[in-house]
Amino acid sequence: MANVFKNAYHDGTTSLADLIPALDANHEAIVLMLRATNVDGTNDATVDVRVVDGSSGDAYIAKTMSVPADTSLDLLGTSKLVLMATDKIQVLASAASDIEFFASYLEITD
């Protein structure tokens with residue numbers, strides 16, 4: 001079993017996009033941190049963040065959650081998120097180039 005620390009970055013767009021792509025069948029991950037930062041100095045923006053479960057459906061972590069201008073939002077707080085094989089995290093912003101998403105996670109290979 002191998003453990004590898006990884007991170008993922010995505011400039012938010014108005015279309016759903018993978019932040020953490022679907023894990024392979026022999027991988028799992030523990031998401032340690034998931035942050036949305038509003039880099040627009042003037043305008044607030046909203047974010048959607050969802051886990052796409054390869055076997056049973058989708059679950060939103062955030063749905064139209066407001067991120068004020070020049071602030072960051074820790075979407076997991078002090079919690080951790082477990083991703084199973086074939087799961088992925090998708091993100092969306094209300095305005096292109098206003099939100100930067102960042103995740104830090106531990107990928108585990110069976």
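Owing to the predicted nature of the structure, the values given are computational and were not obtained by experimental measurement.
In this structure, the separation between NZ on Lys63 and CG on Asp48 is 4.0 Å, given to the nearest 0.5 Å. A distance of 9.5 Å separates CG of Asp44 from CG of Asp98, quoted to the nearest 0.5 Å. Taken to the nearest 0.5 Å, the CG atom of Leu106 stands 11.5 Å off from the NZ atom of Lys80. Here the NZ-OG distance, from Lys6 to Ser104, works out to 12.0 Å after rounding to the nearest 0.5 Å. Taken to the nearest 0.5 Å, the CG atom of Asp11 stands 10.5 Å off from the CD1 atom of Ile99.
Nearest heavy atoms, Met84 versus Leu23: O-CD1, 3.6 Å. Across every non-hydrogen atom of Leu34 and Ala103, the tightest pair is CD1-CB, 3.9 Å. Nearest heavy atoms, Thr14 versus Ala96: CG2-N, 3.9 Å. Scanning both residues, Ala85 and Ala25, for their nearest heavy atoms gives CB-O, 3.3 Å. Annotation for Lys88 and Pro21: closest pair CB-C, 3.6 Å, computed over non-hydrogen atoms.
The hydrophobic clustering, which links ILVMFWY residues whose side-chain heavy atoms are closer than 4.5 Å, places Phe5 and Ile108 together. By the criterion of side-chain heavy atoms lying less than 4.5 angstrom apart, applied directly or through intervening Ile, Leu, Val, Met, Phe, Trp or Tyr residues, Ile20 is grouped together with Ile61 in one hydrophobic cluster. One hydrophobic cluster, built from ILVMFWY side chains closer than 4.5 Å, holds both Phe101 and Met65.
Side chain of Ser72 to backbone of Thr37: no donor-acceptor contact under 3.5 angstrom is found. A side-chain donor-acceptor contact under 3.5 Å links Asn38 to the backbone of Val67. Distance alone, capped at 3.5 Å, is enough to place a donor-acceptor pair between the Asp40 side chain and the Asn43 backbone.
By the salt bridge (Lys or Arg N to Asp or Glu O under 4.0 Å) test, Asp87 pairs with no residue at all, sequence neighbours left out.
For Tyr9, the OH atom sits in a packed shell: over 12 heavy atoms of surrounding residues, nucleotides or ligands are nearer than 6.0 Å.
Partner of Val49 under the side-chain contact (heavy atoms from CB on, under 4.5 Å) criterion, out of Leu92, Leu73, Leu75, Leu19: Leu75 alone. Of the residues Asp110, Thr86, Thr109, Val4, the one that meets the side-chain contact (heavy atoms from CB on, under 4.5 Å) test with His27 is Thr109.
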Note to self: If you apply the rule side-chain contact (heavy atoms from CB on, under 4.5 Å), what do you find for Tyr105 with Ile30, and how did you get there?
What the structure shows: CA-CA 6 Å; Tyr105 60 104; Ile30 300 169; over 6 Å; no
Next item on the list: Show your reasoning for whether side-chain contact (heavy atoms from CB on, under 4.5 Å) applies to Leu83 and Val51.
Entry: CA-CA 8 Å; Leu83 298 176; Val51 174; 3.9 Å; yes
